[in-house]
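Below is one structure, written out as structure tokens; comments come after it.
These numbers were taken from a predicted model, which means no experiment stands behind them.
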Amino acid sequence: MTDAFELDALWEEFHRLVNMTSPELAAWLQVREERAGHGPAEGEAAPGADAGAGARTGAETETGEQILAILQKRRMDLTDDDARVMYRVVDTVEEITSRAAPGTEAEADARRQDLMALGHDPHRASGTAGASATA
């Protein structure tokens, strides 16, 4: 297991970058699955979902579910697997957000959706789960 000091720093960084609440992330993952065709029966519309955009699942959804589980834990209850997921999420969010801004609105939307699947809403200030970002 990661030493206590390193785990504390990881916990803080993870929670700074994962700026969506558990209910927000759970709802977002559900919308993404529904958009990918794994959701409501034919003729039923997912609340707030528009067909097409952000229809990725698989490993991304699994990571999202792991993030949800971590968000519901106390720091002292983290496992080695949780720490690995947290490192991967921190690295991925930092890598995506450090890239040059997308060129088109569609690319920007896809990037935001990918980040939101990791619990990071780029339209919200980091470390402010549940609060709106101020411009």
Item checked: Heavy-atom side-chain proximity of L78 to I70 below 4.5 angstrom -> yes
Notebook entry, point to check: Just wondering, do E12 and R75 contact through their side chains at under 4.5 Å, heavy atoms?
Noted result: yes
Notebook entry, point to check: If we ignore angles and hydrogens, is there a donor and acceptor under 3.5 Å between the side chains of E13 and Y87?
Noted result: no
Next item on the list: Please answer whether the main-chain N or O of L17 pairs with a side-chain N or O of H120 as donor and acceptor at a distance below 3.5 Å.
Entry: yes
Check: Which distance, rounded to the nearest 0.5 Å, do you find between the CG of D114 and the CG of L118?
Finding: 7.5 Å
Item checked: E24 side, atom CD; N19 side, atom CG - distance, nearest 0.5 Å -> 8.5 Å
Next item on the list: Would you give the length of the straight line joining atom CD of Q113 to atom CG of D109, rounded to the nearest 0.5 angstrom?
Entry: 4.0 Å
Item checked: Any donor-acceptor N or O pair under 3.5 Å, side chains Q66, R88 -> yes
Note to self: The test is salt bridge (charged side-chain N to carboxylate O under 4.0 Å, His left out); show your working for E94 and R99 and say whether it passes.
What the structure shows: CA-CA 9 Å; E94 288 179 340; R99 293 182 198 155; over 6 Å; no
Checklist line | Stepwise side chain to side chain contact (heavy atoms under 4.5 Å, CB included) test for H15 and L71 | finding: CA-CA 8 Å; H15 283 279; L71 290 174; 3.6 Å; yes
Notebook entry, point to check: Could you state the interatomic distance from CG (L10) to CZ (F5), rounded to the nearest 0.5 Å?
Noted result: 12.0 Å
Notebook entry, point to check: Taking 4.0 angstrom as the limit, do R112 and E107 come out as a salt bridge?
Noted result: no
Check: Do you see a donor-acceptor pair shorter than 3.5 Å between the side chains of E95 and T92?
Finding: no
Note to self: Has D121 got a side-chain atom pairing as donor or acceptor with M20's backbone, closer than 3.5 angstrom?
What the structure shows: no
Checklist line | Distance (rounded to the nearest 0.5 Å) between R111 CZ and M116 CE | finding: 14.0 Å
Check: Can you tell me how far CD1 of I67 sits from CG of L29, rounded to the nearest 0.5 angstrom?
Finding: 8.0 Å
